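Heads up: the structure comes next, in structure tokens.
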Amino acid sequence: MLRLVHKSVQFSSNIINQEKKSVRRKRQIMATTPKWIMVGGEGPESYNQNSSYQRALLEAAKEKMSKAISAKLSLDLISDRFSVADFGCASGPNTFVAVQNIIDAVEDKYRKETGQNPVEDIEFQVLFNDFTTNDFNTLFQSLPAGRRYYSSGVPGSFFQRVLPKESFHIGVINYAFHFTSKIPKGITDRDSPLWNRDMHCTGFNEAGVIEQDKVDSFSTPLYFAEEGELKQIIEENGRFTIEAFEDIIHAKGEFTLDPKVLAVSCRASFGTFLSQHFGEQVFTKVFDLIEAKLSQDLPRLLNAKPGMQYLIVLRKKN
């Protein structure tokens with residue numbers, strides 16, 4: 001089994017927040033961290049319509065991913081049925097690009113090494129996984145016409161087991177590897193050396209948009225590990241070998257650096273999570289402020305270096 005991981009390290013986050021000193025408050029924070037769900041539907045503020053930045057990563061990684069599959073995937077695994085699982089698929093459309101890139105690479109390898117037609121010999125199955133509250137309706141209503149695979153939804157957190165043993169050949173995670181299963185306790189303890197006040201939330205609080213109590217109890221389940229740390233985590237896990245670990249340069253020219261577009265894109269990714277905690281009215285005001293801040297920082301963004309991403313290919317040990 002191969003697992004392909006597209007790991008983003010561009011938007012490192014310091015959204016690590018305050019809390020009351022009481023044990024009761026700490027327990028409440030750990031217990032009520034909301035699930036991170038992309039904004040569903042196909043409206044103007046949906047993830048479906050505002051995920052071109054993530055899609056550009058898939059395009060940038062396609063050639064390297066195809067080479068990895070050609071070199072690392074054993075032909076013995078390509079039988080009459082081949083299964084691909086996307087963990088953290090959201091509501092589309094990027095998941096369709098990701099799984100189709102994999103299927104194309106598998107078919108190409110099979111065609112070159114056997115001289116046979118994969119369309120006649122292989123049936124593909126795609127397993128789309130995300131939280132139970134993910135917008136699977138939009139996902140399945142948007143399935144590409146003419147696709148050559150059978151599809152099914154697998155609800156549940158990929159931090160837990162969601163599929164039977166030996167149920168898929170290639171698993172892929174795109175822009176979801178930085179989510180954590182829980183908030184580390186030290187981060188939410190003001191007396192801990194790990195605690196760090198979030199300046200962005202603080203700015204909103206000073207502007208009178210967010211109540212201090214809401215700021216104190218807010219935590220985001222994100223962690224952006226650097227290359228050395230990632231390799232150490234994988235090696236200490238002991239269940240996988242690293243088959244490839246390559247840099248991918250994200251071409252910022254493929255993504256419009258316009259304050260309004262950026263704000264809407266942030267809303268599509270962060271909106272549901274933030275509105276669950278701060279409330280819908282506050283949520284709307286927050287993104288108005290985000291757009292204003294982005295307008296102020298636009299010159300710096302335009303001069304920034306392209307984002308760096310990783311393509312990580314792991315093989316499960318026997």
Side-chain angles (χ1 to χ4, degrees), residues 1-17 30 33 36 53-73 85-88 94 98 101-102 105 157-161 170-189 192-200 219-252 254-255 269-270 300-301 303-318:
M1 180 194 78
L2 290 180
R3 174 164 293 182
L4 306 176
V5 179
H6 294 155
K7 173 70 174 69
S8 167
V9 295
Q10 179 171 19
F11 295 119
S12 59
S13 174
N14 286 325
I15 309 178
I16 304 169
N17 316 280
M30 293 297 291
T33 300
W36 198 293
Y53 184 93
Q54 292 86 337
R55 178 163 183 162
L57 169 69
L58 297 175
E59 299 300 334
K62 181 178 180 179
E63 183 178 353
K64 290 185 177 182
M65 184 208 66
S66 297
K67 288 181 178 179
I69 289 177
S70 178
K72 304 296 182 179
L73 181 65
D86 186 347
F87 297 98
N94 293 336
N101 287 348
I102 292 171
S157 169
F158 58 65
F159 289 110
Q160 301 171 352
R161 185 170 173 180
I170 293 180
V172 61
I173 300 177
N174 298 300
Y175 269 101
F177 202 52
H178 50 278
F179 293 108
T180 62
S181 59
K182 61 183 179 180
I183 304 297
K185 293 182 179 180
I187 287 177
T188 55
D189 182 357
S192 169
L194 299 178
W195 180 80
N196 187 6
R197 189 176 186 180
D198 173 44
M199 297 305 295
H200 297 291
S219 297
T220 53
L222 298 175
Y223 182 75
F224 294 81
E226 51 85 28
E227 180 178 349
E229 190 175 9
L230 281 170
K231 289 181 177 178
Q232 181 180 351
I233 291 170
I234 294 167
E235 291 170 358
E236 290 179 352
N237 177 270
R239 297 181 181 180
F240 299 92
T241 60
I242 300 176
E243 300 293 322
F245 201 120
E246 300 189 44
D247 296 338
I248 300 171
I249 301 297
H250 192 300
K252 66 178 181 179
E254 298 181 30
F255 185 76
S269 297
F270 292 82
R300 183 172 58 86
L301 293 173
N303 292 324
K305 295 180 180 179
M308 179 63 71
Q309 335 287 326
Y310 297 134
L311 170 66
I312 308 171
V313 180
L314 307 178
R315 182 188 299 276
K316 183 181 177 183
K317 295 180 179 179
N318 296 327

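Note that the structure is a prediction, hence the values are computed from the model and not measured. The first residue of the sequence shown is numbered 1, and numbering continues consecutively from there.
Closest approach of Thr241 and Lys317 over heavy atoms only: CG2-CE, 3.6 Å. Listed here is the closest heavy atom pair of Ala61 and Leu311: O-CD2, 4.5 Å. Considering every non-hydrogen atom in both Leu58 and Asn101, the closest pair reads O-ND2, 4.0 Å.
Residues Asn94 and Tyr175 form no side-chain contact, since every pair of their non-hydrogen atoms from C-beta on lies 4.5 Å or further apart. The shortest distance between side-chain heavy atoms of Tyr310 and Asp247 falls below 4.5 Å.
A side-chain contact (heavy atoms from CB on, under 4.5 Å) with Glu243 is found for exactly one of Ile312, Val313, Leu73, namely Val313.
By the salt bridge (Lys or Arg N to Asp or Glu O under 4.0 Å) test, Glu63 is found to be paired with Lys67, residues two or more places apart in sequence or in another chain being considered. Applying the side chain to side chain contact (heavy atoms under 4.5 Å, CB included) test to Ser157 and every residue at least two apart in sequence or in another chain returns Phe131, Phe159. Taking the side chain to side chain donor-acceptor pair (under 3.5 Å) definition, one finds that Gln232 meets it with Glu236, sequence neighbours left out. For Glu229, the side chain to side chain contact (heavy atoms under 4.5 Å, CB included) partners two or more places apart in sequence, or in a different chain, are Tyr223, Ala225, Glu226, Ile233. The side chain to side chain donor-acceptor pair (under 3.5 Å) check on Lys64 picks up nothing, with sequence neighbours excluded.
Distance check, rounded to the nearest 0.5 Å: NZ of Lys72 to CE of Met65 gives 15.0 Å. Annotation: the span from Lys231 atom NZ to Glu227 atom CD amounts to 4.0 Å, rounded to 0.5 Å. Atom CZ of Arg315 is separated from atom CD1 of Ile170 by 9.5 Å, given to the nearest 0.5 angstrom.
Side chain of Ser70 to main chain of Ser66: no donor-acceptor pair is present (N/O by atom type, distance under 3.5 Å, no hydrogens or angles).
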